[in-house]
Number of protein chains: 2
Amino acid sequence: MANTRDADTARRILEAARKVFLEKGMAGARMQEIADEAGINKAMLHYYFRSKEQLFRQVFEEALADMMPKVHAAVLQPMRIKDKLKTFVRVYFEQVRAHPVVPLFVLHELHRSGASLAEVFVEQMKQAVPRAPGLFPQILLDELRAAAARGEPGAHKPDHLLVSLMAMCVFPFVARPMICALMGMDEAAFERFLDERVSQVELFLDSVFPEER
Amino acid sequence: MANTRDADTARRILEAARKVFLEKGMAGARMQEIADEAGINKAMLHYYFRSKEQLFRQVFEEALADMMPKVHAAVLQPMRIKDKLKTFVRVYFEQVRAHPVVPLFVLHELHRSGASLAEVFVEQMKQAVPRAPGLFPQILLDELRAAAARGEPGAHKPDHLLVSLMAMCVFPFVARPMICALMGMDEAAFERFLDERVSQVELFLDSVFPEER
DNA sequence: GTCTATATCGGGATAGAC
DNA sequence: GTCTATCCCGATATAGAC
């Protein structure tokens, strides 16, 4: 029926738009290229989505929606903090690896938009897990502060610890070309590097949370 | 004299171009805005630099040239590896903090240019310290491998360790809007966070390289 | 809904006077 | 070397036929 066809076309457009926007960013993307990628013409883009801006918004929101729910869910599991952080690292890294260009895209657009996209960003995070008590960083921070009260992660401060973990997971994808150039890695070497990454970050957590005996 | 005036104008243009390119990226930047920022008109931009592309190249190269020499120099000092890494972290972080938007700019442009800028990037790094035995990551990696042969950083692999250190230094600047949004920091809170950052990364190094006694 | 044709505008680049 | 005026293309967006 017509309805199915419509929805399907909208999907095709969104897939194409996602591909182009994520690769080139809002400013670098061309509506023509999106149309070509979707196998239709420019007029259709404006028929389904009013403007480039609106199409971009949709892509931006979906890019976040793809990655965050599983991370949120992982953080809500009851566990002691050390294991929860390891779980967070594993799930977060997996999600990023499945969508490797999303982080740089999001960070670049957040930067240029000067906080107008930041609201969209936070809103999207809240919708990731509807009835969660807060954003995943807040949940982890609260538990880390409780652990800190028990003297657990030594002199490591909760906010720095969390930022470091995110950094270690995300940075390889954000900085891939630079890392490869600086450290002389080719594609294959970099993939092997990624294969080892989670266990190396877990090592970091082991040293921050030494097993008491 | 005329010569001074020329050089001065070229400088003014470069400063303006730097400001605009770093904020908006190559694709988002407008020659008109650069001209306004420099207090001249568009024609002058093309007179001094042939094209937007050439102007961009110059800005890109200078952005790297501003940051890297001190890092390179720091890494060449003779020290035991642990102290050298701490020095690296301190100097690298200081450099990035002095030019906080450079990393995201460089990473975004490296990504979109698909390795054509990577050559410029590597070339610029080599020129940072003319007679150095190699790029700073290679120097650190070599020493880390030697340390690894002595069993020093435990199970931490040299390449992962180095990437983690760079990540911990750079990520706060690359992800600033995201971090502020997710963790509920305002400008002042984030600056305090940055003030603590180096010492928190050093803590990480202390746990990776425990003092033998 | 989908296409072709076109309006409209903005941006990079150049010509030419001074 | 610096300006004004202009060229010309490309990009978003819309009109209108089918």
Discussion item. For a quick check of understanding: with a heavy-atom distance under 4.0 Å over all strands, which category does B:Met44 fall into, base, sugar-phosphate or nothing?
Written reply: base
Discussion item. Checking contacts here: which listed nucleotide (C:dG12, C:dC3, D:dC3) is nearest the side-chain heavy atoms of A:Ile40?
Written reply: C:dC3
Worksheet item: Do B:Arg197 side-chain atoms and B:Met168 backbone N/O form a donor-acceptor pair below 3.5 Å?
Response: yes
Fill in: Interatomic distance where CG belongs to B:Asp6 and P belongs to D:dG1 [whole Å]
4 Å
Item to complete: Give a yes or no on whether B:Arg50 atom CZ has more than 12 heavy-atom contacts from other residues, nucleotides or ligands under 6.0 Å away.
Response: no
Discussion item. If we check ring pair (Phe, Tyr, Trp, His ring centres under 6.0 Å) with B:Phe21, which of these qualifies: B:Phe56, B:Phe105, B:Phe49?
Written reply: B:Phe56
Worksheet item: Taking atom types as modelled and ignoring hydrogens, do the side chains of A:Ser51 and A:Arg57 form a donor-acceptor contact shorter than 3.5 angstrom?
Response: no
Worksheet item: Where the side chain of A:Ala43 is concerned, which of D:dT12, C:dC3, C:dA13 is the nearest nucleotide?
Response: C:dC3
Discussion item. Less than 4.0 angstrom between a side-chain N/O of B:Asn41 and OP1 or OP2 of D:dT4, yes or no?
Written reply: yes
Worksheet item: To the nearest Å, how far apart are B:Lys52 NZ and D:dC9 P?
Response: 18 Å
Worksheet item: Can you check the B:Met31 CE to D:dC8 P distance for me, whole Å?
Response: 19 Å
Item to complete: Give a yes/no on whether any side-chain N or O of A:Tyr48 is located under 4.0 angstrom from OP1 or OP2 of C:dT2.
Response: yes
Discussion item. Looking at the base of C:dG11, is there any donor atom on it, or on the side chain of B:Lys42, that sits under 3.5 Å from an acceptor on the other one?
Written reply: no
Discussion item. Are more than 12 heavy atoms, taken from residues, nucleotides or ligands other than B:Glu187, located less than 6.0 Å from that residue's CD atom?
Written reply: no
Discussion item. What's A:Ala29 touching, base or sugar-phosphate or nothing? Going by heavy atoms closer than 4.0 Å.
Written reply: sugar-phosphate
Worksheet entry | Integer-rounded Å distance: D:dG10 P and A:Ile34 CD1 | 18 Å
Discussion item. From CZ of B:Phe21 over to P of C:dG12, roughly how many Å is that when rounded to an integer?
Written reply: 8 Å
Discussion item. As a test of reading the structure: which of C:dG1, C:dG12, D:dA13 is closest to the side chain of A:Tyr47, going by heavy atoms?
Written reply: C:dG1
Worksheet entry | Phosphate OP1/OP2 of C:dT14 contacted by B:His46 side-chain N/O (<4.0 Å) | no
Worksheet item: Roughly, in whole Å, what's the span from CZ in B:Phe49 to P in C:dA13?
Response: 13 Å
Fill in: B:Arg50 CZ - C:dA13 P separation (whole Å)
9 Å
Discussion item. Is A:Thr9 close enough to C:dG1 that one of its side-chain N or O atoms is under 4.0 Å from OP1 or OP2 there?
Written reply: no
Worksheet item: Between atom CD in B:Gln32 and atom P in D:dT6, what is the gap in whole Å?
Response: 16 Å
